[in-house]
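For clarity, every value in this text was computed on a predicted model and none was experimentally measured. Chain letters run A, B, ... following the sequence lines, proteins first, then strands; residues in each count from 1.
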There are 2 protein chains.
Amino acid sequence: MLESDRPKGRGTEARQRKARPITRIQREKQDLILEAALDVFSLHGFRGATIDQIAEAAGMSKPNLLYYFPRKEDIHKRLMAGMLDIWLAPLRHMDSDGDPIPEIRSYIRRKLKMSRDFPRQSRLFANEMLQGAPRIIDMLEGELKTLVDEKAKVIGGWMDEGKLNRADPYHLIFAIWATTQHYADFDVQVRAVLGNDRSGEGRFEDAACFLEQLFMHGLKPQRG
Amino acid sequence: MLESDRPKGRGTEARQRKARPITRIQREKQDLILEAALDVFSLHGFRGATIDQIAEAAGMSKPNLLYYFPRKEDIHKRLMAGMLDIWLAPLRHMDSDGDPIPEIRSYIRRKLKMSRDFPRQSRLFANEMLQGAPRIIDMLEGELKTLVDEKAKVIGGWMDEGKLNRADPYHLIFAIWATTQHYADFDVQVRAVLGNDRSGEGRFEDAACFLEQLFMHGLKPQRG
DNA sequence: GTCTATATATTGATAGAC
DNA sequence: GTCTATCAATATATAGAC
């Protein structure tokens with residue numbers, strides 16, 4: 001059995017870091033590593049990424065990097081944790097007391113902006129999903145499900161009041177996730193299809209415009 | 001420089017296979033390998049997958065597998081090639097002479113059905129995208145772009161005739177891809193959020209229903 | 001065609017000098 | 001804290017017996 005996430009080499013006990021305050025220079029080095037690791041992990045996934053690559057991207061030697069994060073998994077864990085909060089912020093932000101249409105419109109825009117500004121985080125997340133989310137499945141079934149349940153209830157309430165067309169709130173949320181994250185995760189494909197002439201950053205504004213139209217009115221023209 | 005796709009070991013020249021007809025037993029073995037490789041590649045990506053894993057899943061020894069596909073890359077290449085045709089079939093199928101609304105509705109259903117029936121192929125493709133599509137970028141900029149350009153023109157024509165609400169055809173196609181493939185690529189997340197009770201195969205029917213509603217009518221209720 | 005044994009490179013992680 | 005050197009495991013691929 002090839003267990004990808006098992007620490008290799010001889011008995012590796014995570015190096016005990018003393019609980020002393022972290023210096024500025026230490027944090028800067030850590031941030032440098034995390035920044036480089038985000039590049040590499042988001043592109044190759046956990047197993048595809050190598051410490052060599054991360055160290056080179058961070059401009060330091062491999063043992064030096066391992067001085068700050070004793071194990072490869074530690075870096076990945078930190079990146080995931082740091083990202084999940086940011087990632088769910090837009091959904092948390094959706095206000096049950098607000099007007100349904102503007103709330104959903106603004107949720108879509110916020111989510112699309114995250115794909116534009118944090119594409120690597122999106123791909124890191126997508127990589128984890130494709131692999132069956134081994135490292136965050138608990139969070140999906142716990143924290144995430146709770147949040148979505150809550151927001152689905154809010155949306156369902158809006159529909160009951162006739163402020164939105166009736167539709168499954170869960171699949172609505174999936175659709176918003178899918179359409180917005182697509183521009184980060186499938187960026188190569190989007191660029192290839194749009195061609196060089198349309199591959200400027202304008203594609204995000206076009207996407208925002210299209211998605212607003214889609215989610216608000218759909219494709220079928222109204223008679224009259 | 002760590003070049004992941006470079007063949008390793010000593011001077012490896014692809015073993016010259018004689019151009020003699022392939023026997024039935026050979027094809028069966030190859031299919032067995034491809035089937036196993038699809039499992040492993042779709043889950044771990046190209047670099048994350050190992051020949052050991054594939055060989056074990058196929059129930060044969062590693063050298064035996066390498067007898068049929070001399071290099072790891074050969075297996076992956078075959079899987080990609082075999083998949084791309086299937087993958088684009090639903091879009092090719094969209095008929096410019098048909099009625100716009102039924103054509104699009106049926107395209108969505110067909111694409112969603114592919115996510116249900118071929119989730120591993122979808123994830124294989126997604127993995128390749130996340131990595132910047134190094135092995136199929138030419139196909140994206142060539143064959144795929146040509147096909148999408150053509151179909152975008154068809155959809156644009158329908159809009160000119162007033163048979164569809166005006167919207168960017170390219171982003172419409174992206175939205176259909178994203179929403180349908182989401183159910184294969186982010187399957188873990190979908191299941192986690194819907195919970196055990198709603199994680200039967202019924203979720204695909206729910207999704208089909210929702211997506212039809214979304215793409216046809218959007219969320220905003222019509223007055224009157 | 002299939003197997004055992006093995007060559008060679010890569011990789012995660014450690015040792016120990018400075 | 002940082003580096004060079006290196007270990008042990010893993011991985012791709014080949015050699016050669018049967």
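Between A/Arg47 and the phosphate of D/dA11, there is a side-chain N or O to OP1/OP2 separation shorter than 4.0 Å. Distances shorter than 4.0 Å separate some side-chain N or O of A/Tyr67 from OP1 or OP2 on D/dG1. Applying the 4.0 Å criterion to OP1 and OP2 of C/dT11, one finds that A/Gln53 has every side-chain N and O outside that range. Regarding contacts with the backbone of C/dT14, every side-chain N or O of A/Arg71 stays at 4.0 angstrom or more from both OP1 and OP2. Contact annotation: B/Asn64 side-chain N/O to C/dC3 OP1/OP2 distance is under 4.0 Å.
C/dG1 atom C1' lies 12 Å from atom CD1 of B/Ile33, rounded to whole Å. Going from atom CE of A/Met60 over to atom P of D/dC3 covers 9 Å, rounded to whole Å. Straight-line distance from the CG atom of A/Leu66 to the P atom of D/dG1: 15 Å, rounded to whole Å. The CG atom of A/Asp52 sits 9 Å away from the C1' atom of C/dG12 (whole-angstrom rounding). The distance between atom CD of A/Gln26 and atom P of D/dT2, rounded to the nearest whole Å, is 9 Å. For the pair B/Glu56 CD and D/dT10 P, the interatomic distance rounds to 14 Å; values are reported in whole Å. Atoms CD1 (B/Ile54) and P (D/dA11) sit 11 Å apart, rounded to a whole Å. What separates CG of A/Asp74 from P of C/dG12 is a distance of 13 Å, to the nearest Å.
Across all strands, A/Lys29 comes closer than 4.0 Å only to sugar-phosphate atoms, never to a base (heavy-atom distances). Note on B/Ala55: nothing from the nucleic acid sits closer than 4.0 angstrom, heavy atoms only.
For A/Tyr68, taking side-chain heavy atoms from C-beta onward, the closest of the listed nucleotides C/dA15, D/dG1, C/dC3 is D/dG1. The side chain of B/Lys72 sits closest to D/dA13 out of C/dA5, D/dA13, C/dA15. Closest to the A/Pro63 side chain, of the nucleotides C/dT2, D/dG1, D/dT4, is D/dT4. The listed nucleotides are C/dC3, D/dA11, D/dA13; the one nearest the side chain of B/Ile51 is D/dA13. Side-chain proximity of B/Lys62 to C/dT11, D/dG1, D/dA13: nearest is D/dA13.
Legend: residues meeting salt bridge (charged side-chain N to carboxylate O under 4.0 Å, His left out) with A/Asp168, ordered by chain and number and at least two apart, are B/Arg198. Shown here are the salt bridge (charged side-chain N to carboxylate O under 4.0 Å, His left out) partners of B/Arg24, two or more places apart in sequence or in another chain: B/Glu28. For A/Phe210, there are no ring pair (Phe, Tyr, Trp, His ring centres under 6.0 Å) partners, not counting sequence neighbours. Partners of A/Tyr170 under the ring pair (Phe, Tyr, Trp, His ring centres under 6.0 Å) rule, at least two apart in sequence or in another chain, do not exist in this structure. Taking the salt bridge (charged side-chain N to carboxylate O under 4.0 Å, His left out) definition, one finds that A/Arg203 meets it with A/Asp187, A/Glu201, sequence neighbours left out.
Between its opening and closing five pairs, the helix from C/dG1-D/dC18 to C/dC18-D/dG1 changes axis direction by 10°, a value rounded to 10 degrees.
A salt bridge links B/Glu35 to B/Arg120: at least one charged side-chain nitrogen sits closer than 4.0 Å to a carboxylate oxygen.
Aromatic pair B/Phe46/A/His44: ring centres not closer than 6.0 Å.
Counting only heavy atoms from C-beta outward, the side chains of A/Asn64 and A/Lys29 approach each other to under 4.5 Å.
Position along DNA chain C of the nearest nucleotide to B/Ser61 versus A/Ala49 favours B/Ser61 as the more 5'-ward residue.
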